[in-house]
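Naming convention: chains lettered A, B, ... in sequence-line order (proteins, then strands); numbering from 1 in each chain. All values below were derived from every heavy atom in this structure, side-chain atoms included, with hydrogens, water molecules and symmetry-related copies excluded. What you are looking at is a predicted structure, and each value in this text was computed from that prediction instead of being measured.
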There are 2 protein chains.
Amino acid sequence: MSEGTYDSFCPVAKACDVIEPRWTLLILCELWLGTLRFNEIRRGVPGISPTLLSKRLKDMERRGLVRRAEINGGELGYETTPLANELQPVVNALGKWAHRNLDMDLSIDKPDARLLMWKIRRKIDTNAFPRRKTTVIRFTYPELAEEQRNYWLVARPGQPVDLCLLDPGHEVDLFIRADLKAMTSAWMGWSSLRTEIDANRIALVGDQKLTATLEKWMVRSIFATAPKQQVAA
Amino acid sequence: MSEGTYDSFCPVAKACDVIEPRWTLLILCELWLGTLRFNEIRRGVPGISPTLLSKRLKDMERRGLVRRAEINGGELGYETTPLANELQPVVNALGKWAHRNLDMDLSIDKPDARLLMWKIRRKIDTNAFPRRKTTVIRFTYPELAEEQRNYWLVARPGQPVDLCLLDPGHEVDLFIRADLKAMTSAWMGWSSLRTEIDANRIALVGDQKLTATLEKWMVRSIFATAPKQQVAA
DNA sequence: CGGGATCCGTAAAGATACTG
DNA sequence: CAGTATCTTTACGGATCCCG
């Protein structure tokens with residue numbers, strides 16, 4: 001039933017009752033990124049079934065982590081509560097611990113371009129873009145099959161950045177061609193954008209200003225600043 | 001299989017693979033308290049079956065959280081690794097979050113005297129006790145059935161404090177009679193020892209010095225210092 | 001297309017009992 | 001003391017279907 005089942009007065013046990021059910025923390029992370037709607041959460045939390053997401057969101061609502069809220073048009077979405085938000089620094093510390101210590105090799109062996117682009121999209125800083133003009137950036141991962149190779153980020157002034165899997169037809173301001181692992185690695189902070197560009201694993205063609213300000217508008221994972229632990233010599 | 005099953009490059013997902021399997025964090029907490037042996041862990045982590053504890057310890061060993069180590073006599077015990085120890089501040093923050101925010105009413109409705117005594121025992125500070133003499137303190141919870149009512153803490157100089165459920169035969173230096181909820185509440189920091197004594201829910205009879213220094217040697221839960229969040233009026 | 005509900009097979013957890 | 005073996009129950013994962 002997803003009831004708390006440790007019958008202990010230990011606060012850690014109480015906390016575990018709340019955070020242990022599978023997907024709970026990942027759903028919170030996605031909501032903290034600003035995701036509002038059911039199917040958006042699905043995209044940001046790869047692998048969860050709609051059934052389980054639905055159930056988990058209800059569990060989380062019952063526990064006071066999440067509430068249903070109106071988006072700007074009478075539609076319903078999800079948002080985190082203050083109770084959940086107090087947990088955010090803890091979850092970040094947890095992520096930093098994993099970033100420092102845990103081997104990521106397995107996951108980067110099967111990187112997921114669509115998920116990566118979804119994450120990149122969320123953190124694009126449009127302040128570095130022209131104010132009055134739509135900016136379009138095309139990412140290409142040549143190693144992938146034709147249909148999964150290209151992604152367009154479309155930044156219309158004053159609107160959230162859009163991710164397209166099909167050519168939206170706009171003129172492209174900047175073309176980025178990249179090795180998928182290299183882009184993942186740079187975004188996660190295991191390397192840097194500069195390193196990967198210098199090694200020719202990421203290449204930019206197009207608008208000079210966008211190229212020059214890449215590191216400004218392409219904000220990386222919040223874990224990218226945490227240094228990777230040095231392996232003992 | 002207990003393999004990590006989120007296939008994501010997100011560090012939080014990686015961390016969840018490690019910490020989510022049920023009992024993992026509670027076992028770590030118990031080890032951090034200084035528990036070394038299998039059946040001691042069982043006592044400190046109420047409700048876990050030996051089957052699952054055995055399996056979980058092996059999982060945790062495989063993941064590098066725990067290692068088997070020699071105790072002082074060729075016997076084998078368990079201890080946490082540096083990897084796990086880096087997680088301790090995160091787990092403490094998690095516990096503080098729960099202590100501040102989560103309702104503990106349900107768990108204090110069915111308090112567990114033996115577990116409470118086990119926890120109290122672990123944190124007794126024997127520096128406040130006589131140096132050369134064995135100190136014995138008897139706790140009595142009058143509301144409980146005869147056989148579960150009495151607990152003896154036996155502190156022999158230079159040795160870990162012993163918890164006895166049967167009269168060890170020593171002369172008792174201090175008798176403590178308490179309401180079980182009151183003692184749990186005081187130890188957890190929802191109230192204080194002083195408050196409960198003043199309300200006559202905890203009473204001490206015996207050695208004056210021990211009585212006077214109660215708050216010194218009876219070290220409370222590490223969460224006892226975190227203030228409980230005020231409920232909005 | 002967004003937001004689910006249903007059904008079913010598998011994997012993890014819980015309860016007891018038992019053993020070297 | 002330190003676990004295994006066995007059995008039952010619950011949770012999770014996947015596919016499919018429904019409804020506005």
| request: Applying ring pair (Phe, Tyr, Trp, His ring centres under 6.0 Å), run through B:Trp23 and A:Tyr6 and close with a yes or a no. | output: CA-CA 9 Å; B:Trp23 305 104; A:Tyr6 301 113; 4.8 Å; yes

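B:Arg68 forms a cation-pi arrangement with B:Tyr78, by the criterion of a distance under 6.0 Å to the ring centre and an angle within 45° of the ring axis.
If you take CG of A:Asp7 and C1' of C:dG14, they are 13 Å apart, rounded to a whole angstrom. Separating the CG atom of B:Leu57 from the C1' atom of D:dG3 is a distance of 11 Å, rounded to the nearest angstrom. Taking atom CG of residue A:Leu52 and atom C1' of nucleotide C:dC7, one finds them 15 Å apart after rounding to whole Å. Distance, B:Asn39 CG to C:dG20 P: 18 Å, rounded to whole Å. The distance from atom CH2 of B:Trp23 to atom C1' of C:dG14 is 9 Å, rounded to the nearest whole Å. Across the protein-nucleic acid pair, B:Ile41 atom CD1 and D:dA2 atom P stand 9 Å apart, rounded to whole Å. Note: CD1 (A:Ile27) to C1' (D:dC12) measures 13 Å, nearest angstrom. Here the P atom of nucleotide C:dA13 and the CG atom of B:Asp59 are 8 Å apart, to the nearest Å.
In this structure the side chain of B:Leu163 reaches within 4.5 angstrom of the side chain of B:Trp118, judged on heavy atoms.
Using the six-membered ring where Trp is involved, B:Tyr141 and B:Tyr151 have ring planes that are perpendicular, over 60° apart on the 30 and 60° scheme.
Salt-bridge check for A:Asp173 with A:Lys133: passed, with a basic side-chain N closer than 4.0 Å to an acidic carboxylate O.
Phosphate contact (OP1/OP2 of D:dA2, side-chain N/O of B:Lys58, threshold under 4.0 Å): absent. OP1 or OP2 of C:dG2 has not a single side-chain nitrogen or oxygen of A:Tyr78 nearer than 4.0 Å. Contact annotation: B:Arg68 side-chain N/O to D:dG3 OP1/OP2 distance is under 4.0 Å. Phosphate proximity of D:dA2 to B:Arg42: absent, as no side-chain N or O sits under 4.0 Å from OP1 or OP2. Note on B:Arg37: every side-chain N or O is 4.0 Å or more away from OP1 and OP2 of D:dG3.
The base of C:dA12 lies outside donor-acceptor range of the side chain of B:Thr51, with no N or O pair under 3.5 Å.
Nearest-nucleotide positions on DNA chain D place B:Glu75 closer to the 5' end than the other of A:Ile48 and B:Glu75.
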